Each structure stands twice: as C-alpha cells, then as structure tokens.
Number of protein chains: 2
Amino acid sequence: MARTSGSHSEITGPRILEAALKLFAESGYAAVSMRKIASEVGVQVGALYNYTPDKQSLLFGLMRDHMEKLVAAWDQETRPDTPMARLEHFARFHVGYHHVRRDAVFIAYMELRNLTPENFAVIEGLRSTYEGKLEDILEEGARNGSFSVPDAKIASMALIAMLTGVNTWFRETGRLPLEEVQDIYWEMTRKAVTA
Amino acid sequence: MARTSGSHSEITGPRILEAALKLFAESGYAAVSMRKIASEVGVQVGALYNYTPDKQSLLFGLMRDHMEKLVAAWDQETRPDTPMARLEHFARFHVGYHHVRRDAVFIAYMELRNLTPENFAVIEGLRSTYEGKLEDILEEGARNGSFSVPDAKIASMALIAMLTGVNTWFRETGRLPLEEVQDIYWEMTRKAVTA
DNA sequence: GTTTTTTCGGAACAATTGTTCAATAACCGC
DNA sequence: GCGGTTATTGAACAATTGTTCCGAAAAAAC
C-alpha cells in the first residue's frame with residue numbers, strides 16, 4: 001500500500017502532535033517510541049517523518065508552543081489597576097489555564113532534561129519570562145505598600161510552585177469545583193504576600 | 001577475566017545505588033541504561049544483577065528507601081507544643097531535609113510514572129502518610145484557632161508544593177544561604193494559614 | 001483524462017536495550 | 001596453601017530503538 005484514502009496533512013499533522021502530547025505526558029518522552037505515537041495516530045512510523053525531522057523536535061515543538069501560548073495568553077488578559085487585583089487575576093488565571101492544559105504543562109515541567117542544551121535554553125527563557133510577569137506584580141505591590149515581600153523573585157517562585165501544584169491533585173470529578181479551589185489558592189496567595 | 005581484585009559486595013552494592021540515584025536524577029529512569037549505571041560504577045553490566053533482580057526494582061528500591069526514611073526522620077523530630085511551632089518546625093525540616101537529598105527527592109517526584117502499579121501504590125501510600133503529618137498539624141491548629149484554613153487537605157498539598165519547590169532553584173552557591181530561604185518560606189507559610 | 005503533487009506503507013538499517021549464564025579469578029576460613 | 005565461597009567478566013540473546021528510503025496510491029491541478 002501507499003497513500004491511504006482520505007489522508008491529509010492538515011489532519012494527520014495535528015493528530016500526531018496530539019498523540020505525542022498525550023503519550024509524552026502519560027509515560028514520559030524517553031519511554032514513548034515513535035512507533036507508539038504512530039500507532040496511536042493509526043499510521044506507520046515512516047509517516048511521522050513527514051511532519052517532524054526527529055523525535056527531539058517533536059518534544060521541543062510541543063514545549064515551545066505551550067510556553068509561547070502561555071505567555072501570549074497572559075499578555076492578552078486584562079490588566080487590573082492595582083497590584084492586589086493584578087495578583088488575584090494572575091493566581092486565578094494561572095490555575096485555570098494550567099488546568100485545561102494538563103498534559104502540556106506536565107511535559108513542560110517534566111521533560112526539560114530531555115531537551116538538547118539549545119532547546120532547553122529557549123524553554124527556560126520562556127519560563128523565566130512568564131515568571132517575571134508575577135515578579136513584576138509583586139515588586140509593584142511591594143513598592144506601593146500593598147504587599148510585604150522581602151524578595152519578589154523568591155516569592156514569585158514560591159507562589160508559582162504552589163499554584164502549579166493544583167494540577168497534581170485536582171480532578172474535575174473531585175470534591176470541589178475548580179472555582180472553589182481557585183478561591184482557596186487565591187486566599188492563600190493573598191495572605192502569603194500581605195503583612 | 002572474572003572477579004576483580006578488591007571487589008566486595010559491601011562496596012559495589014552501595015556504589016550501584018549511588019550511581020543509579022545520580023543518573024536517574026540527571027537523565028530520568030527511561031533514559032538511563034543498565035550499561036550506563038555499570039559504567040559509572042566501573043563494572044560490567046552483568047555484575048549489576050548480583051544486586052538487583054531488575055531495573056524496575058532498582059528504581060523502586062531507591063524511591064521506597066527515600067520515602068521511608070523521610071517519614072521516619074520526621075517522626076524522630078522533636079514535637080513542639082503548639083500547632084504553630086509544629087508548623088514552623090515542619091516547614092524548616094521539609095526544606096532542609098529535601099535540600100540535602102535533592103536527587104532522591106527529584107526521583108521520588110518525577111519517576112512515579114515509571115513504577116509498576118503495585119510499586120506505585122506503595123510509594124503513593126508513603127507520600128500520603130507524610131502529607132498526612134502536615135495535614136494533622138493544620139487541622140489541630142484550625143481547631144484551636146491558631147490557623148485559618150478552610151480545607152486542611154488542600155492547604156497541606158499547597159504548602160508542600162510550595163516548600164518542595166525550593167529544590168528547583170536553590171543552589172548553595174547562590175545569593176542567599178539556606179537559612180534565610182527557610183526564613184522566607186516559613187514566613188510565607190505562616191501567613192498563608194493564619195487569619 | 002493526464003500529469004504532478006502529496007501522503008503513506010513497508011521494509012530495512014545499525015545501534016542499543018534489559019537480561020541470562022557459564023567460566024573464572026579473587027577472597028577467606030581453615 | 002588448600003577448598004569453598006563470592007564477585008565479576010564477557011559473550012550472547014531476542015526485542016526494540018530512531019531514522020531512512022523507495023515505490024505506490026490517493027488527491028489535486030491542469
């Protein structure tokens with residue numbers, strides 16, 4: 001056989017990315033073979049190489065895409081007037097955005113080791129950019145007296161770790177709806193940075 | 001050749017565990033071959049199987065050992081009188097203990113996916129046990145009015161995520177000594193759970 | 001309807017994987 | 001220094017890995 005009936009790059013391409021995202025998140029980059037990805041898509045291994053030069057690019061593409069969209073999404077959010085309101089917006093945005101993109105978030109945090117040094121630097125830069133958004137909010141709030149943070153950089157890392165942690169346990173079928181979880185985490189966030 | 005001069009199971013055994021710990025932490029379980037571990041120890045692959053039945057047991061043994069020691073170490077700590085003092089002790093202990101065992105902590109959090117279901121259940125149980133220690137403190141403090149936490153379970157997960165996050169960025173050569181970092185994180189922890 | 005382009009199957013490649021095992025040399029109690 | 005025990009080598013195994021490539025079939029262009 002050769003080209004299959006109904007095959008289209010606009011269909012197969014995204015399906016490969018979806019499959020890779022899902023499988024990398026489930027089992028980890030190194031544990032997922034190109035054949036497993038192909039099988040998930042319903043295609044032979046060779047076909048994957050019409051869409052990616054190699055496995056590493058597949059991973060890097062997914063991670064870069066996620067991080068760029070994350071930064072862009074935050075930049076497009078409304079910007080409330082006060083640091084306090086901006087921090088609340090950030091906390092809720094972070095939890096919500098990360099929740100609906102569990103797999104991509106998981107990969108972006110877990111597969112850094114499997115990136116080549118150059119690719120790692122790119123992702124790390126994007127992560128640093130995003131983290132800087134929170135750091136800026138904390139610094140503004142510290143300056144105008146809204147917050148009490150001795151070190152905005154450390155505080156931003158601490159808060160992001162806490163907020164991102166929601167993904168490790170929250171399930172939509174669980175005890176609480178996401179909105180209540182966001183309320184709780186925002187409350188802890190607010191108290192942690194105020195006097 | 002056969003047995004090498006100076007070889008001893010009391011020496012090789014621990015060295016294999018050290019090498020596996022280091023390499024798993026560096027590159028991830030799936031990306032580390034048994035040959036790489038052997039090479040790090042300075043031995044041939046076959047020799048590893050005098051010390052572990054298979055690769056999975058090597059990983060599981062490292063993770064279980066770490067988690068059991070973590071729980072035991074906390075149980076042996078002094079138990080201050082008030083929930084507030086106990087929480088402070090926990091925050092500082094957690095950051096300190098995790099810092100000096102970076103590799104084991106990293107593996108215990110990153111390689112859960114590579115455990116068989118039975119092994120996963122064991123590790124998950126130990127993690128839950130440890131987390132329960134913090135949850136208990138928060139609940140006691142909530143009952144006697146020291147803390148203001150609407151949900152001790154969620155709060156404990158949030159705090160552990162925040163505290164564990166220190167490991168992702170703290171380096172001893174960095175700007176601050178660990179003691180100051182512990183001060184900052186304890187301050188955020190305290191404020192996050194008080195009214 | 002013919003030609004060009006797009007997309008994929010299927011086989012092949014060398015390299016690497018986890019694991020087993022017989023042979024053998026070093027160690028150690030006597 | 002002899003004999004049993006312990007620890008390791010080195011080769012071998014089948015299975016799987018990422019990647020390449022050619023031919024062929026479907027789709028698109030004309």
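Not measured: the values here are computed from a predicted model. Below, chains carry the letters A, B, ... as their sequence lines are ordered, and counting in each starts from 1.
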Side-chain N or O of His8(A) closer than 4.0 Å to phosphate OP1/OP2 of dA26(D): no

Length of the CG-P vector between Asp54(B) and dT17(C), whole Å: 17 Å

Side-chain N or O of Ser5(A) closer than 4.0 Å to phosphate OP1/OP2 of dA26(D): no

Separation of dA11(D) P from Arg35(B) CZ (nearest whole Å): 12 Å

Phosphate-side-chain proximity, Thr12(B) and dA7(D), N/O vs OP1/OP2 below 4.0 Å: no

Of Tyr185(A), Trp186(A), Trp74(A), the residue whose pairing with Phe93(A) passes ring-ring contact (aromatic ring centres under 6.0 Å, His included): Trp74(A)

Euclidean distance, atom OH of residue Tyr49(B) to atom P of dG10(D) [Å, nearest integer]: 18 Å

Candidates dA7(D), dT19(C), dG9(C) - which lies nearest the side chain of Asn50(B): dA7(D)

Member of Ile184(B), Leu163(B), Thr194(B), Val95(B) meeting the side-chain contact (heavy atoms from CB on, under 4.5 Å) criterion with Thr189(B): Leu163(B)

N or O in side chain of Tyr51(B) less than 4.0 angstrom from dT8(D) OP1/OP2: yes

Positive for side-chain hydrogen bond (donor to acceptor under 3.5 Å, both in side chains) with Tyr130(B), one of His94(B), Glu135(B), Glu68(B): His94(B)

Closest-nucleotide ordering on DNA chain D, the 5'-leading residue of Gly46(A) and Ala31(A): Ala31(A)

Rounded distance in Å - CZ (Phe60(B)) to P (dG18(C)): 20 Å

Between dT17(D) (P) and Leu23(A) (CG): distance, integer Å: 12 Å

Within 45° cone and under 6.0 Å: Arg102(A) NZ/CZ vs Phe106(A) ring: no

N/O (side chain, Ser9(A)) to phosphate O (OP1/OP2, dT7(C)) under 4.0 Å: yes

Salt-bridge contact Lys55(B)-Glu111(B) (side-chain N to carboxylate O under 4.0 Å): no

Any Thr4(A) side-chain N or O less than 4.0 Å from OP1/OP2 of dA25(D): no

Interatomic distance where CZ belongs to Arg3(B) and C1' belongs to dG4(D) [whole Å]: 12 Å

